[in-house]
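A short worksheet on the structure shown next.
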Protein chains: 2
Amino acid sequence: MLSSTVENYLKELFLLNPDGETQVATGELAKALSVTPGSATSMIKTLAQAGLVEHRPHYGVKLTNEGRTLAVHVVRRHRIVELFLVNILGMDWSEVHDEAEQLEHVVSDQVISKMDDLLGHPTHDPHGDPIPTPEGTLPVRSLQPLSFCKLGDTVSIARIGNQNTSFLKFAEDNGLLLGATIKVANKNEVADSITIISKGEEVVLGLAAAGRIEVEFA
Amino acid sequence: MLSSTVENYLKELFLLNPDGETQVATGELAKALSVTPGSATSMIKTLAQAGLVEHRPHYGVKLTNEGRTLAVHVVRRHRIVELFLVNILGMDWSEVHDEAEQLEHVVSDQVISKMDDLLGHPTHDPHGDPIPTPEGTLPVRSLQPLSFCKLGDTVSIARIGNQNTSFLKFAEDNGLLLGATIKVANKNEVADSITIISKGEEVVLGLAAAGRIEVEFA
DNA sequence: ACAATCCTTTTGATTAATCAAAAGTTTAAT
DNA sequence: ATTAAACTTTTGATTAATCAAAAGGATTGT
Ligand SMILES: [Mn+2]
Ligand SMILES: [Mn+2]
Ligand SMILES: [Mn+2]
Ligand SMILES: [Mn+2]
């Protein structure tokens with residue numbers, strides 16, 4: 001049995017490097033998990049010992065196939081739990097991330113399977129993130145950040161890549177929900193801002209924030 | 001934040017001594033939690049330090065009011081989760097105890113409250129155990145063990161005081177479900193057995209097993 | 001080539017939880 | 001009153017996870 005801590009490290013390595021192409025820096029991992037770099041180094045060594053990651057000291061770390069498989073299952077549990085909390089228990093999409101962060105480590109495969117049935121085998125979580133299948137494959141979509149859109153583009157919102165509660169509340173308050181159609185009304189690289197029309201209202205966003213909203217052409 | 005370990009100790013102390021009248025022996029607690037007596041002693045000292053239990057060395061341990069309140073909340077979470085797993089997710093009553101044993105430590109009050117709403121504010125869990133209110137009060141029923149029944153008694157099953165998976169499966173297979181009406185067809189103190197009619201079929205139980213089935217007169 | 005800087009790793013300590021086995025207490029039996 | 005049995009507590013060690021701070025690599029600018 002993997003500890004919650006180990007599962008969190010594996011999951012974070014996957015999220016920071018989903019394709020397993022790059023190497024994740026120790027400091028980057030440490031920051032994502034809110035631990036000191038020394039703690040991360042120490043855990044990386046443990047995981048390498050267990051064959052779950054490959055570590056090139058001073059260069060970085062990467063999941064092995066075995067580690068990746070385990071990580072993807074944690075992600076599956078996280079996302080199914082999130083969708084369950086929203087769709088079945090009626091919680092707000094801005095609240096469920098922290099709950100799922102804990103639940104992902106204790107819900108059994110059987111519970112996940114029952115939730116999956118009840119939800120009708122969903123492909124995406126409340127934030128638009130793909131839900132891996134039980135076999136570990138991920139649906140792929142080609143999305144682009146809202147910040148890349150050009151003036152006049154009409155797109156629909158497909159993913160919010162920021163789990164922060166207040167960001168999600170802000171998005172909700174301004175009609176920036178999954179599937180919502182929006183139009184780019186202004187874009188000013190110098191002012192670092194983009195203006196969109198959502199539900200007939202103008203909403204102004206910094207480009208950094210807009211970069212965390214992913215869209216597809218409708 | 002209390003650790004899962006601390007919550008398990010508090011909960012077990014409550015279950016072993018719900019009325020807070022007797023003292024729980026260190027060894028009894030240790031056995032219930034599957035730890036060595038030394039581990040229990042050590043944790044008891046920690047809990048006493050935190051004001052959650054009162055410890056009389058070599059005599060026993062008892063929850064304080066504060067400890068009891070925390071324990072009852074763990075019990076509430078456990079039982080709501082169990083009922084949720086059965087009624088909403090469709091799991092078997094024989095499987096949910098172990099799941100709930102983990103989930104009770106991570107589900108938030110908000111999740112519990114949503115489950116409670118969805119379940120219609122139930123008063124008892126799938127095994128007939130009372131669900132404490134959010135304020136910590138417990139519904140009381142006066143039940144008696146099936147082993148105390150006399151020949152000819154007709155009673156209905158109100159609680160199964162044994163969470164063991166195979167016991168619960170056996171009970172289910174023999175129609176010994178909550179609310180089922182049964183009749184005592186034979187009782188032999190010497191042979192240590194009792195025979196009941198359940199769904200027209202005879203079922204023979206040892207008196208120890210029958211002692212874990214609690215009934216009320218219909 | 002040589003610092004300065006920025007990371008990463010190592011070292012040494014700490015905390016929570018546990019166990020095995022030794023030591024101590026209580027109780028019950030002779 | 002002793003002794004034995006049963007239980008509890010203490011002691012000493014271990015494991016997982018963490019941190020602060022020291023030490024060690026790598027990179028970049030001069
Ligand atoms: Mn987590
Ligand atoms: Mn999500
Ligand atoms: Mn538990
Ligand atoms: Mn129960």
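The chains referred to below are lettered A, B, ... by the order of the sequence lines, with proteins before strands, and numbering in each begins at 1.
In this structure, a donor-acceptor pair under 3.5 Å is absent between the side chains of His78(A) and Asp129(A). Counting only N and O atoms by type, the side chains of Ser108(B) and Glu99(A) include a donor and acceptor under 3.5 Å apart.
When rounded to the nearest whole Å, the span between CG of Leu52(B) and P of dA16(C) equals 14 Å. Between the P atom of dA16(C) and the NE2 atom of His105(B) lies a distance of 18 Å, rounded to the nearest Å. What separates NE2 of His55(A) from C1' of dC7(C) is a distance of 12 Å, to the nearest Å. With rounding to whole Å, Asn8(A) atom CG is found 14 Å from dA16(D) atom C1'. In this structure, the CD atom of Glu7(B) is 11 Å from the P atom of dA17(C), given to the nearest Å.
Pairs engaging residues 22-50 of chain B under the salt bridge (Lys or Arg N to Asp or Glu O under 4.0 Å) rule: none recorded [sequence neighbours left out]. Residue pairs meeting the salt bridge (Lys or Arg N to Asp or Glu O under 4.0 Å) criterion with at least one member in residues 102-114 of chain B, sequence neighbours excluded: Lys11(B)-Glu104(B).
Contacts between residues 32-51 of chain B and DNA chain D, defined by a heavy-atom separation under 4.0 Å, are made by Pro37(B), Gly38(B), Thr41(B), Lys45(B). Taking a 4.0 Å limit (strictly below) on heavy-atom distances, residues 12-30 of chain A reaches DNA chain C at Ala25(A), Thr26(A), Gly27(A).
An OP1 or OP2 oxygen of dT18(C) is reached within less than 4.0 angstrom by a side-chain nitrogen or oxygen of Tyr9(B). For dA17(C), one of the phosphate oxygens OP1 or OP2 lies less than 4.0 angstrom from a side-chain nitrogen or oxygen of Ser3(B).
The existence of a salt bridge linking Asp92(B) and Lys169(B) is excluded, since no basic side-chain nitrogen approaches an acidic carboxylate oxygen closer than 4.0 Å. Salt-bridge formation is detected for the pair Glu7(B)/Arg77(B): a Lys NZ or Arg NE/NH1/NH2 atom is positioned less than 4.0 Å from an Asp or Glu carboxylate oxygen.
Heavy-atom minimum distance, Cys149(B) versus Val155(B): SG-CG1, 4.1 Å.
Residue His127(B) is tested with His97(B), Gln163(B), Glu214(B), Arg79(B) for a side chain to side chain donor-acceptor pair (under 3.5 Å); the sole match is Gln163(B).
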Would you sort out whether Lys187(A) and Glu189(A) count as a salt bridge (charged side-chain N to carboxylate O under 4.0 Å, His left out), showing the intermediate values? CA-CA 6 Å; Lys187(A) 190 179 181 187; Glu189(A) 301 274 2; 3.6 Å; yes

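Judged as a salt bridge (charged side-chain N to carboxylate O under 4.0 Å, His left out), and not counting sequence neighbours, Glu21(B) has no contacts.
Inter-residue side-chain proximity for Thr195(A) and Val184(A) is flagged as unmet; no heavy-atom pair is nearer than 4.5 Å.
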Could you list all N or O pairs between the protein and nucleotides 25-27 of chain D that sit under 3.5 Å apart?
from: dG25(D); atom 1: O4'; to: His58(A); atom 2: NE2; distance (Å): 3.3

